[in-house]
Every structure is written in C-alpha cells, then in structure tokens.
J.: 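Take this structure, written in structure tokens, and hold onto it; I'll ask about it next.
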Amino acid sequence: QVQLVESGGGLVQAGGSLRLSCAASGRTFNNYAMGWFRQALGKEGEFVAAIRLTGATTVYADSVKGRFTVSGDNAKNTVYLQMNNLKPEDTAVYFCAAGPVVTITPRYTYWGQGTQVTVSS
C-alpha cells in the first residue's frame, strides 16, 4: 500500500522558517515526480513546488520562488520543502503528492494527508 506522510508543519512567525518532509513508502519512487500543493481555508488548492528525484528537475510557483526550496533523498524515499521568509499568506494545509510526471496541475497519483502551516504576523 502506497503511503505519503507529511510532517514538519506548525506555527511560526512571519519571516521564520519551516522544513516539511514527505516520507513515501509502499513502492519505489526513484523516477517519480513529487509535488507540494497547499490549500488555505476557504480557497482553492494551489501548486507550490515539484521535483523529479532523478535528474533534480524542479519547478516552483512564482509566489514561493526565492523563498522555498524543494529537495529529495532517494535513499530515504523522502522529499523536503524548505520554507524561508514565511509570510502570513503562506498559511495553509500543505500536501505532498507523487506521480509519473512533473506538473503544476494536481494530476498526481498518490497524495498525503496534509500538514498545517500557520504563519502569524
């Protein structure tokens, strides 16, 4: 059974940092694309970042470029989202996803349960 488990969310002040982790299990994700999405209360979900673990292809939403960094550890089947200079508008539930194609759309095969990130002003 494939599972994606996010961790690392929490409450942080504006300007602070958090690192989210997404641990994948149940299959090999070496050549998979891993994406991060977020959904704020009352708003539609939006793409944040994505990476292909082999080849290190990365894609970012304009709203997080220069502040967020996505990376992966093939050996641990884990993807990270380092979030720096956080803003109140970054407050959302963050989800990781896995699929065969790097895309900014939610067309990923597997999804985690999400982790809450709250940024206070």
J.: Look at the side-chain heavy atoms of Ile, Leu, Val, Met, Phe, Trp and Tyr, link any pair under 4.5 Å apart, and say whether Trp36 and Val12 land in one connected group.
T.: yes

J.: Are Tyr94 and Tyr80 linked, directly or through other ILVMFWY residues, by side chains that come within less than 4.5 angstrom of each other?
T.: no

J.: Taking only Lys NZ, Arg NE, NH1 and NH2, and the carboxylate oxygens of Asp or Glu, determine whether Asp90 and Lys87 approach each other closer than 4.0 Å.
T.: no

J.: For Val119 and Thr91, which heavy atoms make the closest approach, and how far apart are they?
T.: N-OG1, 2.9 Å

J.: At what distance, to the nearest 0.5 angstrom, does CD of Glu89 lie from OG of Ser121?
T.: 10.0 Å

J.: Hey, quick one: are Phe47 and Leu86 part of the same hydrophobic cluster, counting side-chain heavy atoms closer than 4.5 Å, chains of contacts allowed?
T.: no

J.: Please answer whether the main-chain N or O of Lys76 pairs with a side-chain N or O of Thr78 as donor and acceptor at a distance below 3.5 Å.
T.: yes

J.: Linking I/L/V/M/F/W/Y whenever any side-chain heavy atoms sit under 4.5 Å apart, do Phe95 and Tyr32 land together?
T.: no

J.: Is there side-chain contact between Glu6 and Gln113, with at least one heavy-atom pair below 4.5 Å?
T.: yes

J.: Would you say that more than 12 heavy atoms from the other residues, nucleotides or ligands in this model lie under 6.0 Å from the CZ of Arg107, or not?
T.: no

J.: Would you check if Arg38 and Val64 make a side-chain contact, meaning some heavy-atom pair closer than 4.5 Å?
T.: yes

J.: Minimum heavy-atom separation for Gln82 to Ser17, with atom names?
T.: NE2-CB, 3.9 Å

J.: Nearest 0.5 Å please: distance from the CG atom of Asn84 over to the CZ atom of Arg19.
T.: 11.5 Å

J.: Is there a side-chain contact between Met34 and Leu4 in this structure, where contact means two heavy atoms from C-beta onward sitting under 4.5 Å apart?
T.: yes

J.: Of the non-hydrogen atoms in Tyr108 and Ala50, which two are nearest, and what is the gap between them?
T.: OH-CB, 3.5 Å

J.: What heavy-atom pair brings Ser71 and Ile51 nearest, and what distance separates the two atoms?
T.: CA-CD1, 3.7 Å

J.: Tell me whether Arg67 contacts the main-chain N or O of Asn85 through its side chain, where contact means a donor paired with an acceptor under 3.5 Å.
T.: yes

J.: So how far is it from Phe68 CZ to Ser63 OG, rounded to the nearest 0.5 Å?
T.: 7.5 Å

J.: Write down the atom of Val93, the atom of Gly114, and the distance for their closest heavy-atom approach.
T.: CG1-CA, 3.9 Å

J.: Which distance, rounded to the nearest 0.5 Å, do you find between the CZ of Phe37 and the OG1 of Thr105?
T.: 6.0 Å

J.: Looking at CG of Leu18 and OG1 of Thr115, how far apart are the two atoms once the value is rounded to the nearest 0.5 Å?
T.: 9.0 Å

J.: Search all heavy atoms of Trp111 against all heavy atoms of Pro106 and return the closest pair with its distance.
T.: CZ2-O, 3.4 Å

